[in-house]
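See below for the structure under consideration.
Proteins come first, then strands; the chains are lettered A, B, ... in the order of their sequence lines, and each starts at number 1.
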2 protein chains.
Amino acid sequence: MKFTTIRWNEADRTCTLLDQTRLPGEVVYETYRDYREMETAIKTLKVRGAPAIGVAAAFGVVLGVQDSRAGSYAAFKEELNTVVAVLAATRPTAVNLFWALERMRRVADENAANGIEAVKTVLTREALAIRAEDEAMCRHIGIHGAVLIETGQTVLTHCNAGALATAGTGTALSVIYQAHREGKNIRVFADETRPVLQGARLTAWELVQEGIDVTLICDNMAAQVMKEGKIDCVVVGADRIAANGDVANKIGTYGVAVLARAHDIPVYVAAPSTTIDMTIRTGVSIPIEERHASEVTEGLGRRTAPDGVRVYNPAFDVTPAAYVSAIVTERGVARFPYDKSLAALMSG
Amino acid sequence: MKFTTIRWNEADRTCTLLDQTRLPGEVVYETYRDYREMETAIKTLKVRGAPAIGVAAAFGVVLGVQDSRAGSYAAFKEELNTVVAVLAATRPTAVNLFWALERMRRVADENAANGIEAVKTVLTREALAIRAEDEAMCRHIGIHGAVLIETGQTVLTHCNAGALATAGTGTALSVIYQAHREGKNIRVFADETRPVLQGARLTAWELVQEGIDVTLICDNMAAQVMKEGKIDCVVVGADRIAANGDVANKIGTYGVAVLARAHDIPVYVAAPSTTIDMTIRTGVSIPIEERHASEVTEGLGRRTAPDGVRVYNPAFDVTPAAYVSAIVTERGVARFPYDKSLAALMSG
């Protein structure tokens, strides 16, 4: 990729993020030494996308405890728990966040006997491992997913499930990059994805960077584009997948899936297996973050709605499994009924 | 209403418009004496909405010929034809524009024998009549449509088919105003309606002005709001309706209709009978205006997409008649199959 979403700088033990709120106008990297900066970055969407949030949170844990002067492991553990709690409170929907934080906490406990400094080293190594696994995950999702796309096809995507949403080449967009790399002639339609415009600002930007033919549309044009026969399949990411295959993803995904069904267009969800939450039976149990009204009314630096108007701003929706043609993970492709296929994938 | 969309000022023979591109931030009225200003106002969406465009164009004709110094009716007629051609070229989809211009041209011809000054007087009278009929049309659409809405219901609307889209109380929103006036407790969800945000800027603004409970959502949230059981019916306007009941309206309407069908929610189209184009058998023949890419990429005064991205920006879509539960006009309510019900309505 021609950019780096998350970088760890071992020399000065800092973490660098590409500030995604400034794209596509400015390409600005920010470097953090304080985990509170990472907390803010996740909250304010400077880094976003379920896998990238997991990686960023892991580095956040490293930043949060590396300067600890705790005199005992119990005291260190208390500091660690505070850092984890602060980072866990940044976003509620993406399960990868909690998965990465839990993994960091567990590896600390497992190495407690070796002393605080050893635990610090192990935490850094674990965060780097999470990052490396994320890169490998993206690559394998691409390889499994590209099989589903034929040359000459046009893919509709929603939000950004690209390199900017991961530490690698993305999830949904990794499928497109891989198909492109295999010499398939692929075109993309990108929903702009209100209110935060991840499709216009991020997906269109990274596809243009990588030389993929991309056409931007407003979210409400997807139905018309499908009706005109322009779309062969939909590929989107996921923030959490329930055991039955219900998919929580960026608001608007459910609508796209219903429209795709009405036009006989398959919907593929591309996501790491860490997104699959086997503890949740159906999508009804997935908490949906409601974000501030100002994202809708002032989302673009200018007030676009009158004072006195109510706003409803759910950040995600849940697409029932029946609308999902396949779930593509780094472990392989699952098909309906997902109760069985996801269980097999997760235990395999 | 607490504002005036289009006003004719007999004293100085000018036409005043509420500049809708500045709403909701500023309430600015602009007064024109030159029909070229009216041409620009229609093109740049200072005035928009099918019925309002018809009324504005009629006054545009008055402005265009009132200072004519033509020596013969033939010369006057040539000037009139130029004015009509310029105004007809402003927008392609709304049939009311062509209907109003044709009506102005016909009344001129019918009165040619009385001399140029008499024709000028007749043209002013005709434009005022079109305006007055538009007000009455809105009132009657409201009365016929309000029957379809029960107290306690929540209506989803798309774009702006309100007072701002007419010279009266609107079409779709007239139904809501009338239900409200009848004491029914009505709530509205308004799609923001990208790219030009007529829902956020105009519908939300006028409903707040009139004291109606309105909640703004992004277009891609409509499916989720329907799934949550928050919507009882959809009411939208129309820019052109074919003889079979296919409805051209603001881009996104077709998607809303497909989503409504999937959630068993009725879709009502409220429009004046002048919107019904009996010369067009189906929606396939309705020309769909494609507007400039910058509406999508810089729609809010700030660049939101990268250079190098393609953009597709159809301004309208066509909803097949099968998705439309009823068409509400000032003459009454038509139901499927529309071939028969619209023909009966138009000949009645």
Distance in Å, B:Glu26 CD paired with B:Asp19 CG, rounded so as to fall on 0.5 Å steps
8.5 Å
Largest heavy-atom contact set with chain B, pairs under 4.5 Å, which of A:Lys227, A:Gln224, A:Glu228:
A:Lys227
Hey, which of B:Asp317, B:Val256, B:Val214 has the most heavy atom pairs under 4.5 Å with chain A?
B:Val214
Chain A heavy atoms under 4.5 Å from B:Asp219: which part of the residue, side chain, backbone, both or neither?
side chain
Which bit of B:Pro306 is near chain A, if near means a heavy-atom gap under 4.5 Å: side chain, backbone, both or neither?
both
Just checking, is any N or O donor in the side chain of A:Gln198 or A:Arg48 under 3.5 Å from an acceptor N or O on the other one?
no
Relative to chain A, which of B:Ile217, B:Leu207, B:Leu216 shows the most heavy atom pairs under 4.5 Å?
B:Leu216
Bottom line for B:Ala204: the part with an atom under 4.5 Å from chain A's heavy atoms is both
Name the member of A:Ala293, A:Ala262, A:Gly252, A:Ala222 that forms the most heavy-atom pairs with chain B at distances under 4.5 Å.
A:Gly252
Flag side-chain contact, heavy atom, 4.5 Å: B:Asp264 against B:Met226
no
Trace of the side chain to side chain donor-acceptor pair (under 3.5 Å) decision for B:Gln153 with B:Asn185
CA-CA 7 Å; B:Gln153 288 197 326; B:Asn185 179 24; over 6 Å; no
Would A:Asp232 and A:Thr154 count as a side chain to side chain contact (heavy atoms under 4.5 Å, CB included) if you check the C-alpha gap in whole Å, the side-chain angles of each, and the deciding distance to 0.1 Å?
CA-CA 5 Å; A:Asp232 297 297; A:Thr154 300; 4.0 Å; yes
Examine whether an atom of A:Val208 lies under 4.5 Å from a heavy atom of chain B, and if so say whether it belongs to the side chain, the backbone or both; otherwise answer neither.
side chain
If you apply the rule ring pair (Phe, Tyr, Trp, His ring centres under 6.0 Å), what do you find for A:His158 with A:Tyr268, and how did you get there?
CA-CA 12 Å; A:His158 186 72; A:Tyr268 303 126; over 10 Å; no
Among B:Tyr312, B:Phe189, B:Trp205, residue most engaged with chain A (heavy-atom pairs, under 4.5 Å)
B:Tyr312
Around atom CZ of B:Arg281, are there more than 12 heavy atoms from other residues, nucleotides or ligands closer than 6.0 Å?
no
Go through B:Asn160 and B:Gln20 one step at a time and tell me if the side chain to side chain donor-acceptor pair (under 3.5 Å) criterion holds.
CA-CA 11 Å; B:Asn160 175 266; B:Gln20 301 189 28; over 6 Å; no
Quick check for you: among B:Ala257, B:Cys218, B:Gly25, which has the greatest number of heavy-atom pairs under 4.5 Å with chain A?
B:Cys218
Which atoms of B:Val318 come close to chain A, meaning under 4.5 Å heavy atom to heavy atom: side chain ones, backbone ones, both, or neither?
both
Note: vs chain B, highest number of non-hydrogen pairs under 4.5 angstrom among A:Asp191, A:Ile251, A:Val309 is A:Ile251
Does any backbone or side-chain atom of B:Val296 lie under 4.5 Å from a heavy atom of chain A? Answer side chain, backbone, both or neither.
both
Give me the one residue out of B:Asp246, B:Val95, B:Val269 that meets side-chain contact (heavy atoms from CB on, under 4.5 Å) with B:Ile241.
B:Val269
So which atom in A:Thr203 and which in A:Ala190 form the shortest heavy-atom distance, rounded to 0.1 Å?
CG2-CB, 4.0 Å
Most heavy-atom pairs under 4.5 Å with chain B, out of A:Val225, A:Thr215, A:Asn313, A:Ile288, belong to A:Thr215
Pick from A:Lys250, A:Gln209, A:Glu192, A:Lys230: which one has the most heavy-atom pairs with chain B under 4.5 Å?
A:Glu192
Contact leader toward chain B among A:Val258, A:Asp307, A:Leu259, A:Thr253, where contacts are heavy-atom pairs under 4.5 Å
A:Leu259
